[in-house]
Amino acid sequence: MRSMMVKAAISRTGVRMPVNRSFERELALLEAMSGRVPDASGMERVRRALGNENNYLVAKAARIVADHSLTELLPEVLAAYDRFFVDAVKSDPQCWAKNALVKALVKLECRDADVYLRGLRHTQEEPVWGGQSDTAGALRATCTHALVACEELGNDRLLDILLEPLLDQDKTVRMEAARAIGVVGGTSAALLLKLRVLLRKEEAEVLGACFTALLGMQGTDKTASILLVADFLDDGEEAAAEAAFALAETHEPVALNALIARRRKGADAWFGSVLDHAIVLTRLREGMDFLLGIIEKDARQAASALEAISRMHNSAEVRARVEGAVERSASERVLLAFRQYFPDVVEK
């Protein structure tokens with residue numbers, strides 16, 4: 001397997017370093033260091049590898065630096081990071097080195113905003129079948145979140161910068177931008193996220209990141225944010241599911257009320273299951289009471305409620321409450337569903 005990876009790495013790195021025994025030996029030595037703190041000779045080996053022109057070897061070395069927080073090697077990591085922006089398509093295909101190096105910089109608590117701004121604004125169009133593809137999305141995503149920890153940037157300046165990744169062509173970058181804005185917090189950050197949400201022209205996963213960031217902010221009107229996100233429960237399936245689970249994570253009664261109200265309006269089997277799982281995830285007693293009521297009174301929907309409860313709770317106390325609801329239902333259909341989702345083994 002390693003031999004295949006080596007060949008693949010070489011074939012994609014511009015072959016600036018030929019396949020030879022020296023390369024394979026260096027790679028083997030680096031891989032052998034996995035899981036243990038390098039000694040003096042190991043540190044020197046990692047240092048040399050960071051100076052190598054092969055992006056695959058450098059990425060391996062950077063991961064070792066990150067795994068063991070080798071702060072002594074910060075200058076070498078910074079130098080390597082800078083080097084792979086030069087003629088980047090040839091020197092660092094797929095951004096293997098830059099991705100690993102920037103993660104090492106984050107782990108080493110590098111707080112130089114210029115380092116991450118360079119990565120944030122880097123695109124790398126590489127040839128693919130039928131055209132070209134930008135391979136720097138993961139790099140921009142990592143740099144986006146790393147900027148939040150850069151103390152030299154005030155909140156206003158930081159939010160101004162984060163507008164760029166919030167509109168990035170790569171959805172992973174947009175998701176990280178939403179999370180970063182949520183970490184910044186405050187009225188201005190909340191307004192940015194609300195605007196992005198209200199535009200509604202966004203992929204469901206990005207909306208989900210915006211929902212979670214907005215609902216997790218401190219010092220904002222939580223009820224207003226909950227009601228805003230609850231409006232998406234009537235949108236398309238994926239966006240509605242993202243809204244449901246974001247609401248559940250707040251563990252707020254207002255959010256539970258919104259989920260229950262939407263469940264009562266009716267839904268297809270898939271979204272009904274999503275809502276039932278979200279209701280359970282609120283971990284509020286009123287949510288459990290609502291689902292037990294479904295089990296007792298609605299044989300058609302009972303299986304969905306039983307499945308949702310079983311995925312979160314299987315204590316003796318919960319099982320007893322569920323058993324009571326099943327008995328009161330007097331339905332063979334509900335009993336069969338109960339046996340499916342609640343086997344005999346329970347937590348003590």
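FYI, side chains are in, hydrogens and waters are out, and symmetry mates aren't considered; it's all heavy atoms of this structure.
- Under the 3.5 Å distance criterion, with hydrogens and angles disregarded, a donor-acceptor pair is assigned to the side chains of H122 and Q124.
- Electrostatic pairing of E317 and R321 does not count as a salt bridge here, judged by no charged N lying under 4.0 Å from a carboxylate O.
- Both the sub-6.0 Å distance and the 45° axial angle are satisfied by K98 relative to the ring of F85.
- Side chains of S304 and D276: a donor on one and an acceptor on the other come within 3.5 Å.
- Under 4.0 Å is where a charged nitrogen must lie from a carboxylate oxygen, and between D67 and K103 no such pair does.
- A 4.5 Å side-chain heavy-atom check between D231 and L227 finds every atom pair outside the cut-off.
- For R111 and E152, the salt-bridge test fails: no basic side-chain N is under 4.0 Å from an acidic carboxylate O.
- Residue pairs meeting the salt bridge (Lys or Arg N to Asp or Glu O under 4.0 Å) criterion with at least one partner in residues 178-196, sequence neighbours excluded, are E176-R179, R196-E202.
- Distance alone, capped at 3.5 Å, places no donor-acceptor pair between the T250 side chain and the A246 backbone.
- For residues 193-224, the pairs satisfying ring pair (Phe, Tyr, Trp, His ring centres under 6.0 Å) are F211-F232, with sequence neighbours left out.
- Heavy-atom contacts from other residues, nucleotides or ligands closer than 6.0 Å to CZ of R300 number 12 or fewer.
- A267 and L275 make their closest contact through CB-CD1, 4.4 Å (heavy atoms, listed as atom of the first residue, atom of the second, distance).
- No side-chain donor-acceptor contact under 3.5 Å links T135 and Q94.
- For Q132, the side chain to side chain donor-acceptor pair (under 3.5 Å) test picks out no residue, with sequence neighbours left out.
- A salt bridge does not link D92 with R83: none of the charged nitrogens is closer than 4.0 Å to a carboxylate oxygen.
- In this structure a side-chain-to-backbone donor-acceptor pair under 3.5 Å is missing from H145 to A177.
- A donor atom on one side chain and an acceptor atom on the other are not found under 3.5 Å apart for R174 and Q169.
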